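A quick note: this is a predicted structure, and the numbers were derived from the prediction, not measured. Along the sequence shown, residues are numbered consecutively beginning with 1.
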Amino acid sequence: MKLVFLGPPGSGKGTQAKLISEILKIQHISTGNLFRQLAEENNPLGLEARDKYWGKGNLVPDDITIKLLKERISKPDCKRGYILDGFPRTLAQAKALEKITEIDFAVFIYSYEKEILKRFENRVQCNTCNIVYGLGRTPKKPGFCDECHKKLVKREDDSKEILKQRLKVFYDNVNPIVKIYKERGILIEINGEQPIEKVKQEIINKMPLE
Ligand code: AMP
């Protein structure tokens, strides 16, 4: 099973991608997490991507992102399938993905700007487990991850100014991508402005898994 999760920043797509990947026992692959991990490891590509692109709310160029994605999904742990979270983000990426493999479903989790800005005030995440808190999930001990107990951090690119740029970039690119999946009849649209459990259930209900 190969799925694509689309949605603006703050729609909860990462949280849902993680939950659904655990249910389906397939990999959750977030290109954003891949870039952040590379930067944390002081990898030159990761540092360049941060300083030039994601730190400013802009997209990393297609050639770099497609190469990174291709390498990741060719690993043995992806044999059973995967959920791509945050890829494709441009028409060129969507077309490249069509050539690499056949996607079963694209889940588009939508949310409106007012709700997104409200959610971002509280959003923090665990960089070890990649669990996001503040978008409908509250840590048991404030400021610490429920799973690994490490300190939760605010993402560098979650400031209001950078977030506005990220939203603009998202809306500038999303329509042609959505069109591809709609035309193929594999687009599932979900209202992300609902509690986490409800969104998850709706995704499961709308996805014919047999
Ligand atoms: P995310 O965690 O999905 O919000 O991604 C964080 C940042 O990583 C984005 O703002 C982009 O700069 C970069 N990024 C993640 N995925 C992609 C992609 N598919 N194409 C280009 N840049 C990406």
Main chain of K25, side chain of R80: is a donor-acceptor contact present, judged purely on distance under 3.5 Å? yes
With the threshold set at 4.0 Å, does a side-chain nitrogen-carboxylate oxygen contact exist between K198 and E202? no
Trace of the side chain to side chain contact (heavy atoms under 4.5 Å, CB included) decision for F5 with I109: CA-CA 7 Å; F5 275 40; I109 305 180; 4.2 Å; yes
According to a 4.5 Å side-chain heavy-atom criterion applied to Ile, Leu, Val, Met, Phe, Trp and Tyr, with indirect links allowed, do Y112 and L117 form part of one hydrophobic cluster? yes
Taking the side chain as C-beta and beyond, is there a heavy-atom pair between Y110 and I190 under 4.5 Å? no
Heavy atoms of S21 and H28 approach each other most closely as OG-CB, 3.4 Å
Exam field: side chain R89 to backbone G86, donor-acceptor pair closer than 3.5 Å: yes
Are any non-hydrogen side-chain atoms of Q37 and N130 less than 4.5 angstrom apart? yes
Salt bridge flag under 4.0 Å for residues K168 and D172: yes
Distance-only polar pair, side chains of D62 and T90, donor-acceptor under 3.5 Å: yes
Are L47 and I64 grouped together when hydrophobic residues (ILVMFWY) are joined by side-chain heavy atoms under 4.5 angstrom apart? no
Roughly how far, to the nearest 0.5 Å, is the CG atom of L152 from the OG1 atom of T128? 9.5 Å
Taking the six-membered ring of F144 as reference, does the cationic atom of K151 (NZ for Lys, CZ for Arg) lie under 6.0 Å from its centre and within 45° of its axis? yes
Answer yes when E40 and R36 have at least one side-chain N-carboxylate O distance shorter than 4.0 Å, and no when they do not. no
Where the side chain of K141 meets the backbone of D146, is there a donor-acceptor pair that is under 3.5 Å apart? no
Residues, nucleotides or ligands: over 12 heavy atoms within 6.0 Å of K154 NZ: yes
Between the OH atom in Y133 and the OG1 atom in T15, the distance rounded to the nearest 0.5 Å is 10.0 Å
If we only count heavy atoms from C-beta on, is the L97 to L84 side-chain gap below 4.5 Å? yes
Within-4.5 Å side-chain heavy-atom neighbours: I29 and C78: yes
K18 and V132, any side-chain heavy atoms less than 4.5 Å apart: no
Nearest heavy atoms of G81 and K2, plus distance in Å: CA-CG, 4.4 Å
Check whether E147 reaches the backbone of C129 with its side chain - one donor and one acceptor, N or O, closer than 3.5 Å. no
All N/O donor-acceptor pairs, side-chain side in residues 53-60, below 3.5 Å, sequence neighbours left out:
residue	atom	partner	partner atom	Å
K56	NZ	D51	O	3.2
N58	OD1	Q165	NE2	2.6

Within-4.5 Å side-chain heavy-atom neighbours: T138 and N122: no
Rounded to the nearest 0.5 angstrom, the CZ-CD1 distance for R155 and I162 is 10.5 Å
V199-I23 co-clustered via ILVMFWY side chain contacts under 4.5 Å: yes
Do you know the tightest heavy-atom contact between P8 and F108? CD-CE1, 4.4 Å
Main-chain N/O of D157 paired with R166 side-chain donor or acceptor, under 3.5 Å: yes
Stepwise, does the side chain to side chain contact (heavy atoms under 4.5 Å, CB included) test hold for K200 with I204? CA-CA 6 Å; K200 183 182 102 182; I204 294 168; 4.1 Å; yes
Does the side chain of I100 reach to within under 4.5 Å of the side chain of I73, using non-hydrogen atoms? yes
Taking K206 for its side chain and E189 for its backbone only, find out whether a donor-acceptor pair lies under 3.5 Å. yes
Under the rule for side-chain hydrogen bond (donor to acceptor under 3.5 Å, both in side chains), what residues qualify as partners of E161, not counting sequence neighbours? none
Test item: I66 and Q93 side chains (from C-beta on) under 4.5 Å apart, heavy atoms: yes
Can T65 and F35 be said to form a side chain to side chain contact (heavy atoms under 4.5 Å, CB included), step by step? CA-CA 9 Å; T65 311; F35 284 126; 3.7 Å; yes
Q125 side chain to N127 side chain, donor-acceptor N/O pair below 3.5 angstrom: yes
Out of curiosity, D77 CG to Q27 CD, how far, rounded to the nearest 0.5 Å? 4.0 Å
Could you measure the distance from the NE2 atom of H149 to the NZ atom of K140? Nearest 0.5 Å is fine. 8.5 Å
Does a sphere of radius 6.0 Å around OH in Y171 hold more than 12 heavy atoms from other residues, nucleotides or ligands, not counting ones at 6.0 Å or beyond? yes
Exercise: identify the closest heavy-atom pair between A17 and D85: CB-CB, 3.9 Å
Closest heavy-atom contact between P139 and G143? CG-N, 4.0 Å
Let me check something: do L163 and V169 share a hydrophobic cluster, defined by ILVMFWY side-chain heavy atoms less than 4.5 Å apart, either directly or through other members? no
I116 and L167: side chain to side chain contact (heavy atoms under 4.5 Å, CB included), yes or no, with the steps? CA-CA 9 Å; I116 290 170; L167 283 168; 3.9 Å; yes
To the nearest 0.5 Å, how far apart are CZ in R119 and CZ in R123? 10.0 Å
Please say yes or no: joined through hydrophobic side-chain contacts below 4.5 Å, possibly via intermediate residues, are I83 and L19 part of one cluster? no
Determine whether a donor-acceptor pair (N or O, by modelled atom type, separation under 3.5 Å) exists between the side chain of N43 and the backbone of A39. no
Scan the side chains in residues 176-188 for donor-acceptor partners under 3.5 Å anywhere in the protein, sequence neighbours excluded, and list what turns up.
residue	atom	partner	partner atom	Å
R184	NH1	E98	OE2	3.2
R184	NH2	I103	O	2.9

So which heavy atom on P88 is nearest to which on A94, and how close? CB-N, 3.4 Å
